[in-house]
Asker: 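First, the structure itself, so that you have it in front of you.
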Amino acid sequence: MRSVPSIVHLDLDAFFAAVEQRDKPSLRGKPVIVGGVGTRGVVATASYEARVFGVRSAMRTAEARARCPHAAYLTGRFAAYRITSRAVMAVLREISPLVEPVSLDEAYVDLAGDAGRDLSAAGVEELAAALKERVREVTGGVTASVGAGTSKLVAKIASDLRKPDGLLVVEPGAETDLLHPMPVGRIPGVGPATAERLRRIGVHTVGELARAGEPDLVAALGQAHGHALARLAMAEDDRAVVPLRESKSISAEDTFEHDIVDPALLSAIIDRLGTRVCERLTRERLSGRTVTVKIRLFDFTTYTRSATLAGPTDDVRVVNRLARRLLAEVDTSAGVRLLGVGVSGLADWVQEDLFGSAADVDLAVGPRPRAAADVDLVEAVGRPPAARRNPTADVRAGPGHGAEAGPRSDQRVPGEPNPPRWSPGQDVMHTEFGPGWVWGAGLRRVTVRFETAATGPGPVRTFATDDPDLAPYTPLTWDPGLRVSPKKARPASPAP
DNA sequence: TCTGGGGTCCTAGGACCC
DNA sequence: TCTGGGGTCCTAGGACCC
């Protein structure tokens with residue numbers, strides 16, 4: 001927790017609905033509801049005029065229609081929201097480079113770091129008031145609620161308290177007086193399930209939460225959640241404002257107007273969803289190893305099935321084939337309400353499929369080949385730019401980093417002992433398995449020397465990427481019985 | 001006419017490795 | 001041959017957020 005209220009939280013009021021009212025003057029002053037308009041739709045955003053009738057986010061659209069039949073019901077125009085959001089984020093970055101967008105309509109700003117700034121409560125309030133005015137200008141009239149305080153928690157709660165179009169700076173030292181009377185559900189991260197568990201141990205307010213012992217909270221909520229809430233209740237929150245968050249998964253899902261039984265149709269939908277995901281992967285220059293299929297049945301029971309490839313891919317054929325296989329693991333004969341496809345385990349480099357085919361990759365489901373650090377790399381060249389996701393590879397690093405070699409997971413024989421590993425000081429690694437991988441995250445060129453028992457010193461092969469910016473993930477095949485020579489026995493560097 | 005779509009983080013158990 | 005602890009990876013599900 002800081003000594004000055006230098007964290008600002010900005011929240012655009014009823015954002016989607018506000019953009020609609022801005023673009024269609026006839027909607028101004030009227031209830032506007034943005035969300036799914038079908039029979040299974042839910043409300044994404046309700047304008048304040050609609051909230052008067054009790055319409056809320058996440059409410060079924062059918063119920064919203066019952067409460068507020070005269071409202072305008074609109075599906076989202078996300079391109080417009082995105083453009084408006086970008087303009088707001090740009091305004092925030094004029095104030096400080098430390099801007100963390102939480103969603104299209106929400107962001108934190110860290111004012112610390114600018115030594116010359118007046119970070120007194122009065123100074124921050126003046127800045128926030130000017131900020132609200134700038135946001136209104138650049139968005140064409142969309143209003144924002146702004147909170148500021150000594151932590152993310154306090155800034156967020158402050159902006160919540162003054163919605164809509166409000167401003168609150170919480171003075172340092174006043175945090176617990178503000179928080180303690182509140183119901184626990186006001187703390188972000190405390191939803192219905194957590195609130196119920198807390199109620200059962202007699203905790204209803206943040207003050208009671210602060211007085212509860214951490215051991216009791218951990219027992220009721222688990223280690224991470226219990227510990228985090230015990231701290232938040234005492235306004236202890238040192239979470240940083242993180243300007244750049246890397247995405248961890250990309251997914252697409254669809255709820256159907258009517259439940260689907262036809263397997264061929266389900267398969268076709270899986271393909272469509274997988275294609276959507278891969279298009280995004282490609283556009284964002286990402287690839288991923290884990291494919292997940294989500295299946296919601298007619299009765300809302302929900303299954304996920306996932307499988308992890310030996311190497312990352314953004315290949316729509318690979319993703320779709322695997323997704324269809326995962327779909328087949330679940331009995332869908334009674335009707336499917338929702339299907340989803342996701343890819344996680346993201347890397348920001350694309351597999352260079354130099355020696356394999358998509359079909360090979362598809363087969364290579366299973367854990368990534370385990371590390372055999374210090375494998376016989378004759379030479380490894382290339383360090384990725386610091387900005388890239390994969391940190392600099394250290395060829396001599398331990399498991400999980402740098403160069404690895406091992407059998408392809410799909411080539412392992414269950415029950416058989418694991419293949420030999422390379423260890424420092426070892427002269428020769430005998431490989432008795434078939435096809436193998438050499439993997440060098442962050443490397444651009446990898447040279448491997450082979451030596452066979454039969455032929456003596458064997459071929460030297462170099463694997464490289466075309467794009468100097470990319471790391472290779474190079475599946476290569478070597479012959480059973482091949483021996484690999486150690487680094488210390490290497491000859492002069494071979495030409496690539 | 002019950003319950004969206006895009007995400008993140010956590011837990012727990014099993015496999016496997018050292 | 002047995003025992004065991006710690007760590008990582010993978011899978012499935014759940015809570016939560018906007």
Side-chain angles (χ1 to χ4, degrees), chain A residues 11-12 14-16 34-45 56-66 75-76 78 81 85 101-107 156 160 185 187-197 218 221-229 242 245-258 273 276-277 280 289-296 298-310 326 329-330 337-346 365-373 398-401 406 409 412 414-415 417-419 421 423:
Chain A
D11 196 328
L12 298 163
F15 180 51
F16 299 167
V34 179
V37 296
T39 54
R40 286 176 167 174
V42 298
V43 174
T45 308
R56 296 281 177 272
S57 293
M59 177 182 281
R60 279 177 296 123
T61 300
E63 188 179 344
R65 285 189 199 276
T75 56
F78 281 85
Y81 309 152
S85 176
V102 178
S103 63
L104 288 180
D105 66 347
E106 229 189 286
K156 163 105 177 146
D160 270 1
I187 295 183
V190 178
T194 303
E196 173 56 25
R197 286 187 190 184
V218 168
L221 306 174
Q223 181 58 49
H225 211 183
H227 175 71
L229 278 189
V242 184
R245 288 214 124 98
E246 285 166 337
S247 45
K248 310 224 157 143
S249 67
I250 286 180
S251 66
E253 64 184 55
D254 259 343
T255 294
F256 315 122
E257 205 65 17
H258 304 285
L273 293 167
R276 237 150 76 189
V277 169
R280 276 192 59 198
R289 289 184 59 222
T290 302
V291 175
T292 301
V293 166
K294 178 171 166 183
I295 301 147
R296 178 118 76 207
F298 69 102
D299 62 354
F300 225 73
T301 56
T302 305
Y303 299 92
T304 61
R305 290 292 177 270
S306 65
T308 300
L309 297 159
L326 291 166
E329 292 179 12
V330 174
R337 166 191 184 96
L338 169 150
L339 276 185
V341 173
V343 172
S344 56
L346 300 184
V365 176
R368 190 179 74 201
R370 292 275 178 167
H401 303 285
S409 56
R412 291 219 194 140
N418 286 305
R421 287 162 191 290
S423 55

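Every chain is numbered from 1 and lettered A, B, ... according to where its sequence line falls, protein lines coming before strand lines. These values consider heavy atoms only, across backbone and side chains, with no hydrogens, waters or symmetry-generated copies.
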Asker: Would you please name every residue forming a side chain to side chain contact (heavy atoms under 4.5 Å, CB included) with A/E106, sequence neighbours left out?
Answerer: A/H9, A/D11, A/V102, A/S103, A/K156
Asker: More than 12 non-hydrogen atoms from neighbouring residues, nucleotides or ligands closer than 6.0 Å to OH on A/Y303, yes or no?
Answerer: no
Asker: Check every strand shown and say whether A/T45 touches a base, only sugar-phosphate, or nothing at a heavy-atom separation below 4.0 Å.
Answerer: nothing
Asker: Nearest whole Å is fine: how far is C/dC18 P from A/L12 CG?
Answerer: 13 Å
Asker: Ignoring the backbone of A/T308, work out which of C/dA12, C/dC10, C/dA15 is nearest its side chain.
Answerer: C/dC10
Asker: With no hydrogens and no angle check, do the side chains of A/T304 and A/T292 hold a donor and an acceptor under 3.5 Å apart?
Answerer: no
Asker: Could you please name the option among B/dC10, C/dA12, B/dT1 that lies closest to any side-chain atom of A/A224?
Answerer: B/dC10
Asker: Report which part of the nucleic acid A/Q223 touches: base, sugar-phosphate, or nothing (heavy-atom distance under 4.0 Å, all strands).
Answerer: sugar-phosphate
Asker: Each nucleotide in nucleotides 3-8 of chain B should get exactly one letter: B, S or -. Can you fill that in based on protein heavy atoms under 4.0 Å?
Answerer: BBBSSS
Asker: Please pick, from C/dC18, C/dA12, C/dT11, the nucleotide with the shortest atom-to-atom distance to any side-chain atom of A/E106.
Answerer: C/dC18
Asker: Grab the NZ-P distance between A/K294 and C/dT11 for me, whole Å please.
Answerer: 18 Å
Asker: In this structure, how many angstroms lie between the P atom of C/dT11 and the CZ atom of A/R305, rounded?
Answerer: 12 Å
Asker: Identify whether the glycosidic angle of B/dC2 places it syn (within 90° of 0) or anti.
Answerer: syn
Asker: What is the distance from CD of A/E196 to P of C/dC16, rounded to the nearest Å?
Answerer: 11 Å
Asker: Give, for atom CD of A/E257 and atom CZ of A/R337, the distance between the pair rounded to the nearest 0.5 Å.
Answerer: 9.5 Å
Asker: Rounded to whole Å, how long is the line connecting atom CD1 of A/I295 with atom P of C/dA12?
Answerer: 10 Å
Asker: Measure from the side chain of A/V102, starting at C-beta and using heavy atoms only, and say which of C/dC16, C/dT11, C/dC18 lies closest.
Answerer: C/dC18
Asker: Sticking with atom C1', work out how far C/dC16 lies from B/dT3, rounded to a whole angstrom.
Answerer: 16 Å
Asker: Is it true that A/T302 and A/R296 share a donor-acceptor pair across their side chains at a distance under 3.5 Å?
Answerer: yes
Asker: Does the distance from a Lys or Arg side-chain N to an Asp or Glu carboxylate O, for A/R276 and A/D254, drop under 4.0 Å?
Answerer: yes
Asker: Please work out if A/F15 contacts a base, only the sugar-phosphate, or nothing of the nucleic acid, heavy-atom cut-off 4.0 Å.
Answerer: nothing
Asker: Look at the aromatic rings of A/F78 and A/F16 and report parallel, tilted or perpendicular, splitting at 30° and 60°.
Answerer: perpendicular
Asker: Ignoring backbone atoms, test whether A/R289 places a side-chain nitrogen or oxygen under 4.0 Å from the OP1 or OP2 oxygen of C/dC9.
Answerer: no
Asker: Can you give me the closest heavy-atom contact between A/T308 and A/T290, atom names plus distance?
Answerer: OG1-OG1, 2.9 Å
Asker: Please state how far atom NE2 in A/H225 lies from atom P in B/dT11, giving the value in whole angstrom units.
Answerer: 10 Å
Asker: Only Watson-Crick and G-U wobble pairs, only distances under 3.5 Å, only runs of 3 or more: what stems does that leave for DNA chain C?
Answerer: B:5-18 with C:5-18
Asker: Rounded to the nearest Å, what distance is computed from the CG atom of residue A/L309 to the C1' atom of nucleotide C/dC10?
Answerer: 13 Å
Asker: Do A/E329 and A/I295 have side-chain heavy atoms sitting under 4.5 Å apart?
Answerer: no
